[in-house]
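In each ligand, atom 1 is the first atom listed, and ligand 1 is the first ligand listed. The analysis underlying the following values was restricted to heavy atoms, covering all of them including side chains, and did not include hydrogens, waters or symmetry mates.
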Amino acid sequence: MKADLLVHNIGVLITPPDVTHPIRGKAMDKIIEIENAYLAVKDGRFLAHGKGQGKAFIDERTRVVDAGGKLVTPGLVDSHTHVVHGGSREFEFEQKMRGVPYLDILKSGGGIHASVKMTREMQDDVLYAQSKKSLDKMLAFGVTTVEGKSGYGLERDTEIKQLTVQKQLDENHPVDIVSTFLGAHALPKAYEGNRDVFLDAIIAILPEVKEKSLAEFVDIFCEDGAFSVEESRRMLEAAQAQGFKLKIHADEVVALGGTPLAAELGAYSADHLMAIDDDGLRALATHDTIANVLPSTSFNLRSEYAPVRTMIERNLAVAISSDYNPGSSPSENYQFALNLAAIHLRLSPNEILTAATHNAAWSIDRADRVGRIAPGLQADFVIFDAPNWPYVLYHFAINHTQDVYKNGRLVIQNQQPIWEGTNHETD
Ligand code: NIG
Ligand code: FE
């Protein structure tokens with residue numbers, strides 16, 4: 001079969017190996033590396049790749065691209081973001097820099113509550129425009145699939161508004177968005193003393209979310225000052241009974257037991273895990289729930305980093321995400337999260353690639369479509385203006401992408417979006 005697109009003169013092509021399970025522990029350090037490689041694409045999917053020029057895949061209709069000896073990776077997967085939200089919180093930044101803890105700001109009515117107010121007040125089209133701008137940035141950083149959560153409404157109308165905007169973006173923007181309902185992100189002040197009434201109200205939104213296909217996952221913030229393990233169980237079991245897949249924000253500040261709960265319920269991921277304890281480590285070692293770590297959040301909160309070396313020793317499967325949100329991680333720069341994974345989590349370049357592609361795809365149930373360069377998978381890939389992958393991690397806080405391809409289509413060229421105006425079709 002001939003290719004529609006043939007990329008040749010690739011200095012080095014890297015990808016996680018062909019596996020149909022999360023990659024755990026030591027195996028995270030093993031990737032496939034092909035020097036002087038080609039990559040063939042047909043109908044938006046990978047057709048073949050290997051050493052050499054790939055001449056066998058070329059005919060007169062094939063578009064041939066010279067990668068100039070540079071690095072090619074699978075499209076990156078950012079599997080935990082809060083990309084759709086109204087406004088920003090720079091007014092809290094000074095307070096935070098003076099050392100006021102994240103949970104204290106939340107308790108005093110700021111933090112998530114401040115973003116809830118802004119998101120509630122924002123018109124749909126303004127919310128769409130703000131979120132689109134973020135997705136443009138993410139794509140330019142080489143991210144071709146993201147997960148995005150609601151959770152800045154905490155009531156029906158705004159939660160549905162956030163998810164609807166997110167769905168429209170998924171349809172109109174090259175980045176694929178996997179959607180998560182996070183109605184239980186914080187307890188509104190009005191419900192203090194009436195926690196069950198709030199949870200009932202959030203659970204009551206689920207059928208509409210399902211019916212309108214607005215989210216595939218349900219998540220909850222299981223934390224001191226947010227929701228208890230019992231409340232998390234109630235929320236997640238209700239969601240599971242309605243056919244939602246599960247995620248949890250757990251062990252960000254305190255290990256309450258949210259991580260073992262996630263494993264028990266078969267959640268796809270437990271996220272944050274800076275304060276994970278032995279029970280949590282044991283639970284994730286024996287289940288397919290991915291340990292999704294968010295180093296940009298640790299950086300921004302000046303808090304602990306998740307104990308990822310221990311996780312790998314204990315045979316966990318780890319993913320890395322940006323957690324892009326207006327409070328604890330106000331940056332769309334996924335490559336920076338990967339820099340931090342090298343510097344602070346002490347992951348090897350190979351482990352980071354696994355965590356940023358295949359395992360991240362697993363945590364959002366997309367490993368059958370994205371996260372690797374393998375025949376039949378979506379032709380999402382990045383040409384980095386770098387000689388090798390360690391260089392991208394070492395030369396930090398810089399965008400190293402050159403070109404980004406989504407479903408075999410060039411969408412970012414020399415770091416600039418080229419999909420708009422020329423071609424409005426969705427993927
Ligand atoms: O993942 N921890 C809870 N939720 C977000 C922060 C949201 C915010 O501060 O607006 C997080 O860090
Ligand atoms: Fe988060």
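Scanning all protein heavy atoms for the shortest distance to atom 4 (N) of ligand 1 gives His185 NE2, 2.8 Å. Remark: minimum distance from atom 2 (N) of ligand 1 to any protein heavy atom is reached at Glu252 OE1, 2.7 Å. Atom 11 (C) of ligand 1 has as its closest protein heavy atom Asp323 OD2, 3.2 Å.
Note: an N/O pair closer than 3.5 Å links Tyr102 and ligand 1 by distance alone. For ligand 1, the polar-atom distance check against Thr297 finds no nitrogen or oxygen pair separated by under 3.5 Å.
With a heavy-atom cut-off of 4.0 Å, His85 does not touch ligand 1 at all. Contact annotation for Glu223 and ligand 1: no heavy atom of the residue comes within less than 4.0 Å of the ligand.
Electrostatic pairing of Lys406 and Asp176 counts as a salt bridge here, judged by a charged N lying under 4.0 Å from a carboxylate O. Classification of Lys117 and Glu121 as a salt-bridged pair holds, one side-chain N sitting under 4.0 Å from a carboxylate O.
Within the 4.0 Å heavy-atom cutoff, Arg89 counts among the residues contacting ligand 1.
A donor atom on one side chain and an acceptor atom on the other are not found under 3.5 Å apart for Ser322 and Glu332. Under 3.5 Å, the side chains of Ser269 and Asp271 contain a donor-acceptor pair of N or O atoms. No hydrogens or angles considered: nothing links the side chains of Arg372 and Thr357 as a donor-acceptor pair under 3.5 Å. A side-chain donor-acceptor contact under 3.5 Å links His173 and Asp136.
The backbone N or O of Leu154 lies less than 3.5 Å from no partner atom in the side chain of Thr158, so there is not a single donor-acceptor pair. When atom types are taken as modelled, the side chain of Gln240 and the backbone of Leu265 share a donor-acceptor pair closer than 3.5 angstrom. Remark: side-chain polar atoms of Gln335 are paired, donor with acceptor, to backbone N or O of Phe141 under 3.5 angstrom.
Of all atoms in ligand 1, numbered sequentially from 1 with element shown, those under 4.0 Å from a heavy atom of Tyr152 are 7 (C), 8 (C), 10 (O). Counting the atoms of ligand 1 from 1 in the order shown, those under 4.0 Å from a heavy atom of His272 are 1 (O), 2 (N), 11 (C), 12 (O). Shown in contact with His80 at under 4.0 Å from a heavy atom are these atoms of ligand 1, numbered in order with element: 1 (O).
Comparing Ser328, Ser115, Gly327, Ser329 by heavy-atom distance to atom 12 (O) of ligand 1, the nearest is Ser328.
Under the rule for a salt bridge (charged side-chain N to carboxylate O under 4.0 Å, His left out), the partners of Glu208 that lie at least two apart in sequence or sit in another chain are Arg156, Lys212.
For the pair Lys210 and Phe244, the cation-pi test (distance below 6.0 Å, angle within 45°) is passed.
Here the rule is side-chain hydrogen bond (donor to acceptor under 3.5 Å, both in side chains) with Asp219, and of Lys149, His80, Lys245, Lys247 only Lys149 fits it.
If you look at the Fe ion (ligand 2), the protein N, O or S atoms less than 2.8 Å from it are His80 NE2, His82 NE2, His249 NE2, Asp323 OD1.
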